[in-house]
Amino acid sequence: AEYMGEEVQMNNCRLEVLRCLLVCSSHTLYIKPEFCKTVRNEFLEKLVHPKTAHSVTLFYSLINVIFTYDPVGWGVPYATYLVGDPVIQVVDSAVQLLSVLLDYIP
């Protein structure tokens with residue numbers, strides 16, 4: 001039972017880190033459209049730059065989180081609707097962040 005509590009706490013921490021990265025990457029949403037081409041998102045530029053120390057690790061980690069998730073679980077269709085799965089929030093945030101990172105053109 002203690003292990004499950006630690007796992008839930010770890011997933012909550014992962015979710016908060018992913019949400020923080022997503023919010024920091026969303027600078028473009030909060031500027032006027034006419035300035036969109038001229039104002040650069042420095043956070044995203046540093047995050048996706050190939051010479052940044054952990055950018056490759058971040059991409060691999062996001063891909064790992066997304067593709068190692070087993071939505072089938074018990075083999076019951078729509079099981080996540082019956083029993084809440086906290087990992088799905090982590091996977092969902094990882095997909096959103098990966099989409100933002102891949103869509104960004106420096």
Side-chain angles (χ1 to χ4, degrees):
E2 184 177 322
Y3 173 74
M4 291 302 289
E6 291 175 6
E7 185 177 348
V8 169
Q9 184 179 5
M10 182 62 79
N11 283 333
N12 287 338
C13 292
R14 288 179 183 142
L15 182 61
E16 291 303 316
V17 168
L18 287 169
R19 285 179 178 168
C20 180
L21 288 172
L22 193 58
V23 167
C24 291
S25 302
S26 302
H27 174 265
T28 313
L29 292 174
Y30 302 104
I31 59 175
K32 294 181 180 181
E34 56 266 13
F35 299 119
C36 189
K37 296 288 183 184
T38 58
V39 176
R40 299 179 336 171
N41 190 336
E42 293 183 28
F43 182 80
L44 270 178
E45 285 191 17
K46 292 203 186 311
L47 201 58
V48 299
H49 196 275
K51 294 189 180 189
T52 303
H54 300 291
S55 63
V56 175
T57 306
L58 177 64
F59 280 102
Y60 282 134
S61 295
L62 291 171
I63 289 171
N64 188 28
V65 166
I66 294 166
F67 288 113
T68 57
Y69 176 66
D70 180 21
V72 177
W74 302 326
V76 178
Y78 305 106
T80 55
Y81 293 110
L82 301 174
V83 179
D85 188 7
V87 180
I88 192 70
Q89 293 178 336
V90 174
V91 174
D92 185 46
S93 294
V95 168
Q96 290 177 13
L97 182 60
L98 185 63
S99 298
V100 168
L101 295 177
L102 292 175
D103 191 47
Y104 182 68
I105 300 171

I'd like to know if Val17 and Tyr60 are part of one continuous hydrophobic network [Ile/Leu/Val/Met/Phe/Trp/Tyr, side-chain heavy atoms within less than 4.5 Å]. no

Distance col, row Leu98:CG vs Leu22:CG, nearest 0.5 angstrom, shows 11.5 Å

Minimum-distance pair of heavy atoms, taken over all atoms of Ser93 and Arg19: OG-CG, 4.3 Å

Let me confirm one number: the CG-CE distance from Leu15 to Met10, rounded to the nearest 0.5 Å. 13.5 Å

Are Val91 and Ile63 linked, directly or through intermediate hydrophobic residues, by side-chain heavy-atom contacts shorter than 4.5 Å (ILVMFWY only)? yes

For the residue pair Asn41 and Tyr104, what are the closest heavy atoms and their distance? O-OH, 3.6 Å

Does any N or O in the side chain of Thr52 come within less than 3.5 Å of the main-chain N or O of Leu47, such that one atom is a donor and the other an acceptor? no

State whether the number of non-hydrogen atoms from other residues, nucleotides or ligands found under 6.0 Å of Glu42 atom CD is greater than 12. no

With rounding to the nearest 0.5 angstrom, report the CG to CD distance, Asn12 to Gln9. 7.5 Å

In this structure, would Leu102 and Val56 fall into the same cluster of hydrophobic residues linked by side-chain contacts under 4.5 Å? no

Look only at the side chain of Ser25 and the backbone of Leu44, and say whether a donor-acceptor pair between them is shorter than 3.5 Å. no

Non-hydrogen atoms of Asn64 and Thr68 that approach each other most closely: O-OG1, 2.5 Å

Got a second to check how far Leu21's CG is from Leu101's CG, nearest 0.5 Å? 8.0 Å

